[in-house]
Amino acid sequence: MSKSFGAMSVAQLSVLIQGGAADPVEVAEAVFDSIANYADKAVFTTLLESRAMEEARASSRRLREGRSLGLLDGIPIAWKDLFDIEGLPTTAGSVVLAKEMPAKRDAAVVALLRQAGMVAVGRTNMSEFAFSGLGINPHYGTPVNPRGTDLPRIPGGSSSGAGVVVAAGLVPVAMGTDTGGSVRIPAAFNGIVGYKATRGRHAMAGVYPLAKSLDSLGPLCRSVRDAVWIDAAMRGLTAPDVVERPLQGLELIVPENIVFDGAEAGVVAAFEAALGRLQKAGAKVARTVIPAFNEIFDLMTRYGPLVTAEAFALHRERLAGPDADSMDHRVVMRTRLGSKTTLPDYLAILEARSRLIVDVERLVGDRLLAFPTVAHVAPPIGPLEQDDELFFATNNKTLRNTALGNFLDWCGVSIPCGTGEAGMPVGLLLSATPHRDEALLGIALAAEAVIRDVLPELAIEPPGFSCH
């Protein structure tokens with residue numbers, strides 16, 4: 001039997017564990033062996049081997065005694081370096097927080113997934129303070145996208161290590177946060193699934209913030225089914241409650257403005273091919289301009305980005321003191337721009353945001369939106385590290401499509417839909433208006449195989465469990 005447990009989906013590995021074909025201790029040992037033998041040491045900031053083996057042994061005992069906690073019992077998971085882990089400082093990809101007091105308890109969702117029996121293997125690297133969509137980190141190194149075959153390419157951010165550890169087959173699932181695209185971007189760049197929940201769907205206690213008006217959580221994993229299972233446990237459920245929905249009659253909106261501006265030909269071709277497959281499967285597509293998209297960028301030009309204003313408020317004292325010298329200078333430069341947003345400006349942004357959310361909900365209704373997750377494939381790391389102007393321009397373009405959903409409080413799932421330049425992955429982003437996560441995930445369950453253009457995953461579900 002293969003020992004590449006990290007390369008399996010959560011569902012596949014659950015079948016083995018629940019059926020007795022794999023022991024959680026064996027799984028955990030194999031995962032740490034794979035991590036030790038993986039050449040790129042920048043993907044994790046901390047390994048939790050002692051804790052993980054303790055959790056794996058407890059899971060093994062439960063399973064032997066017939067006391068399984070459910071379909072996630074014994075499944076390894078990696079946590080972005082924003083989530084509190086009891087006994088450790090939460091460093092958020094920065095060296096300036098390494099001297100902070102250790103967390104007194106796990107973050108709320110860490111505790112919930114531990115209660116579901118999951119095994120925490122480590123913390124993954126990220127853009128410092130989660131403030132970049134590229135994933136470059138000068139302190140802990142930049143994880144290299146494992147899908148690149150020509151030269152080192154970015155992993156996407158800010159959940160950079162989370163995307164890489166799943167794509168590289170080290171763990172079946174990693175947890176990320178998403179303020180402007182930080183789950184969906186690395187998912188798209190690395191050719192995996194990334195689900196960003198509606199803000200507020202999951203408990204945020206113990207998660208280091210970037211911009212509380214925009215921050216949300218979500219897993220990076222191998223399939224939509226995996227995301228559904230993890231989402232349920234994050235909400236304290238003992239079994240998933242999402243029902244797969246038919247594609248026949250599904251109505252999709254493809255925006256005609258903003259999201260295709262400057263898009264690479266290979267990205268557009270992969271997206272359109274996947275859209276065509278969805279239409280053949282019964283989906284109906286309407287292409288239309290969404291005026292709110294233009295207004296969002298007009299607001300940014302006039303008042304500054306909402307994320308930058310809130311990030312500056314969070315880090316204002318740090319930026320004025322000696323810690324700023326120990327931070328990534330690009331993070332410092334971008335965060336200080338938030339000082340230009342006055343209180344009246346900030347309130348104007350919030351007022352406009354509330355109005356635009358309602359306007360778009362009225363326009364979209366029960367339909368889903370579909371467009372490329374990112375308008376380009378993952379670019380090379382080297383030029384971005386050397387050229388600040390290129391860094392900022394690329395970062396803005398990388399975040400553009402996904403940030404629209406954060407501003408409008410959408411939920412979204414990025415699903416691999418093909419490849420573009422240099423054979424790099426392309427993601428198709430399905431989004432829904434606020435709090436329609438069940439509908440989004442239910443449709444994504446049915447749409448995934450069509451979008452990927454592959455046969456549906458052949459996996460026998462553990463006895464007593466279902467994705468419905």
Min side-chain heavy-atom separation [X]-[Y] under 4.5 Å:
X	Y	answer
Phe407	Pro305	no
Leu217	Val109	yes
Leu441	Val413	yes
Val119	Ile75	no
Phe131	Val307	yes
Leu113	Met175	yes

Could you check whether any side-chain N or O of [X] sits under 3.5 Å from a backbone N or O of [Y], counting only pairs where one atom can act as donor and the other as acceptor?
X	Y	answer
Asp73	Ser68	no
Ser159	Gly176	no
Arg222	Met8	yes
Asp106	Ala111	no
Thr179	Ala211	no
Ser60	Ala56	no
Asp226	Ala11	yes
Lys196	Ser182	no
Ser14	Leu71	yes
Lys99	Val96	yes

Ionic contact status for [Y] with [X], cut-off 4.0 Å:
X	Y	answer
Arg235	Asp241	yes
Glu55	Arg114	yes
Arg57	Asp23	no
Arg330	Glu385	no
Asp84	Arg105	no
Asp409	Arg353	yes

Next item on the list: Can you measure from OH (Tyr208) to CZ (Phe129) and round to the nearest 0.5 angstrom?
Entry: 5.0 Å
Margin query: For the CD atom on Glu54, are there more than 12 heavy atoms of other groups (residues, nucleotides or ligands in this structure) within a distance under 6.0 Å?
Written below: no
Check: Does atom NZ of Lys41 have more than 12 heavy-atom neighbours, drawn from other residues, nucleotides or ligands, at distances under 6.0 Å?
Finding: yes
Is a donor from one side chain sitting under 3.5 angstrom from an acceptor on the other, for [X] and [Y]?
X	Y	result
Glu310	Ser213	yes
His202	Asp231	yes
Thr198	Asp437	yes
Tyr140	Glu128	no
Asn395	Thr398	no
Asn406	Asp178	yes
Ser158	Lys80	yes

Notebook entry, point to check: Can the ring centroids of Phe271 and Phe260 be said to lie less than 6.0 angstrom from one another?
Noted result: yes
Margin query: For Phe392, does the six-membered ring have the charged nitrogen or CZ of Arg334 within the cation-pi criterion, i.e. under 6.0 angstrom from the centroid and within 45° of the normal?
Written below: no
Note to self: Which residue is it: Val144, Thr142, Asn125, Val165? I am looking for the one with a side-chain contact (heavy atoms from CB on, under 4.5 Å) to Pro155.
What the structure shows: Thr142
Notebook entry, point to check: Can you say whether the rings of His376 and Phe189 are parallel (under 30°), tilted (30 to 60°) or perpendicular (over 60°)?
Noted result: tilted
Item checked: Geometric class of the Phe371/Phe293 ring pair [parallel <30°, tilted 30-60°, perpendicular >60°] -> perpendicular
Compare every heavy atom of [Y] with every heavy atom of [X], then report the nearest pair and how far apart it is.
X	Y	result
Ala432	Leu368	CB-CD2, 3.5 Å
Leu428	Ala370	CD2-CB, 4.5 Å
Val31	Pro76	CG2-CG, 3.9 Å
Asn401	Pro372	ND2-O, 2.9 Å
Ala444	Ile415	CB-CD1, 4.3 Å
Pro146	Asn190	CD-OD1, 3.2 Å

Notebook entry, point to check: Can you list the steps and then say if Glu438 with Arg201 is a salt bridge (charged side-chain N to carboxylate O under 4.0 Å, His left out)?
Noted result: CA-CA 11 Å; Glu438 280 76 15; Arg201 181 173 175 87; 2.9 Å; yes
Next item on the list: Begin with the C-alpha distance, continue with both residues' side-chain angles, and end with the deciding distance and a verdict on side chain to side chain donor-acceptor pair (under 3.5 Å) for Arg318 and Thr335.
Entry: CA-CA 11 Å; Arg318 181 170 290 114; Thr335 308; over 6 Å; no
Next item on the list: Report the C-alpha separation of Leu350 and Leu306 in whole Å, then their side-chain angles, then the decisive distance to 0.1 Å, and conclude whether the side chain to side chain contact (heavy atoms under 4.5 Å, CB included) test is met.
Entry: CA-CA 8 Å; Leu350 295 183; Leu306 177 59; 4.0 Å; yes
